[in-house]
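The analysis underlying the following values was restricted to heavy atoms, covering all of them including side chains, and did not include hydrogens, waters or symmetry mates. In what follows, residues are counted from 1 in the order of the sequence shown.
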Amino acid sequence: MEPKLRIQIKETVREILEESDMETTTEHQIRRLASNKLDLDLDKSEYKTYVRHVVNSFLEEQKAKQEDDEEETGKQEQEYDDEGNLVICRLSAKRKVTIQNFRGANLVSIREYYYDGGAERPTTKGISLNEEQWSTLRKNIPAIEKAVKDMQDRDI
């Protein structure tokens with residue numbers, strides 16, 4: 001296989017992988033999408049083997065990155081708010097993402113806060129997602145990112 005074609009296949013497959021849901025996407029689907037983009041039959045054995053190699057390399061990189069991120073997160077000192085909820089991150093001076101337990105249900109909350117007598121208090125402005133809702137949102141993040149990117153591309 002020519003080096004130029006090898007690079008094109010690798011870049012196309014990686015681009016598709018980065019936009020795909022790794023929980024549901026199959027190697028066959030990746031090959032089919034890349035075949036359409038490249039106008040080339042990647043089901044032929046020489047291409048199929050190379051695509052499998054690119055997919056496996058990508059997955060190994062993602063796994064290593066996730067392990068590094070988890071290790072780094074574990075090293076950071078955890079912050080708790082005045083109500084004892086775990087603060088995952090601060091989105092701005094007034095907004096933050098927390099994990100809380102409310103009436104036995106674990107919730108991911110994205111909320112605005114205000115100061116009252118030196119203590120941070122939550123406002124009604126925000127949303128709390130139960131585990132099922134959080135899972136649904138998380139699975140749809142790639143679609144949201146794509147839609148935002150498409151909107152930004154239209155504005156240019």
Transitive ILVMFWY side-chain link I7 to V13, under 4.5 Å: no
Inter-residue atom distance N36.CG - T12.OG1, 0.5 Å rounding: 11.5 Å
Heavy atoms from other residues, nucleotides or ligands near NZ of K37 exceed 12 (cutoff 6.0 Å): yes
Non-hydrogen atoms of E83 and P122 that approach each other most closely: OE2-CD, 3.3 Å
V54 side chain reached by I30 side chain, heavy atoms, under 4.5 Å: no
Transitive ILVMFWY side-chain link I99 to I141, under 4.5 Å: yes
CG on L40 to CD on Q8, rounded to 0.5 Å: 9.0 Å
Sidechain-backbone polar pair: N140 side chain, T136 backbone, donor-acceptor under 3.5 Å: yes
Q133 side-chain N/O to N130 backbone N/O, donor-acceptor pair under 3.5 Å: yes
Side chain to side chain, D81 and Y113, heavy atoms closer than 4.5 Å: yes
Q152 and V148: CA distance, side-chain angles, deciding distance, side-chain contact (heavy atoms from CB on, under 4.5 Å) verdict: CA-CA 6 Å; Q152 290 170 341; V148 169; 3.8 Å; yes
Reported CG-to-CG distance for the pair N106 and L129, which is rounded to 0.5 angstrom: 12.5 Å
Residues, nucleotides or ligands: over 12 heavy atoms within 6.0 Å of E2 CD: no
Any donor-acceptor N/O pair, S135 side chain to E131 backbone, under 3.5 Å: no
Gap separating the CH2 atom of W134 from the CD1 atom of I110, nearest 0.5 angstrom: 6.5 Å
Among K48, R32, R52, side-chain hydrogen bond (donor to acceptor under 3.5 Å, both in side chains) partner for E27: R52
Salt-bridge criterion met for E19 and K146 (N-O under 4.0 Å): no
Point-to-point distance, once rounded to the nearest 0.5 Å, from CD of E120 to CG of N85: 11.0 Å
Main-chain N/O of T98 paired with S109 side-chain donor or acceptor, under 3.5 Å: no
Cation-pi check, R6 onto Y50 ring (under 6.0 Å, within 45° of axis): yes
Backbone N/O of V108 and side chain of S128: donor-acceptor pair under 3.5 Å: no
Trace of the side-chain contact (heavy atoms from CB on, under 4.5 Å) decision for E61 with R14: CA-CA 11 Å; E61 289 172 20; R14 288 184 68 86; 2.7 Å; yes
N-O pairing of D153 and K149 below 4.0 Å: yes
Polar side-chain atom of D116 near backbone of A119 as donor-acceptor pair, under 3.5 Å: no
Donor-acceptor contact present, side-chain T123 to main-chain E112, <3.5 Å: yes
Working for side-chain contact (heavy atoms from CB on, under 4.5 Å), residues I16 and T25: CA-CA 10 Å; I16 292 167; T25 305; 5.9 Å; no
Pairwise distance CD(E60) to CG(N56) - rounded to 0.5 angstrom: 6.5 Å
Hphob cluster co-occupancy, L5 + V51, side-chain heavy atoms under 4.5 angstrom: yes
Side chains of D43 and R31 in contact at under 4.5 Å (non-hydrogen atoms): yes
Hydrophobic cluster membership, L107 vs L86, 4.5 Å side-chain cutoff: no
ILVMFWY network linking L59 to L42, side-chain heavy atoms under 4.5 angstrom: yes
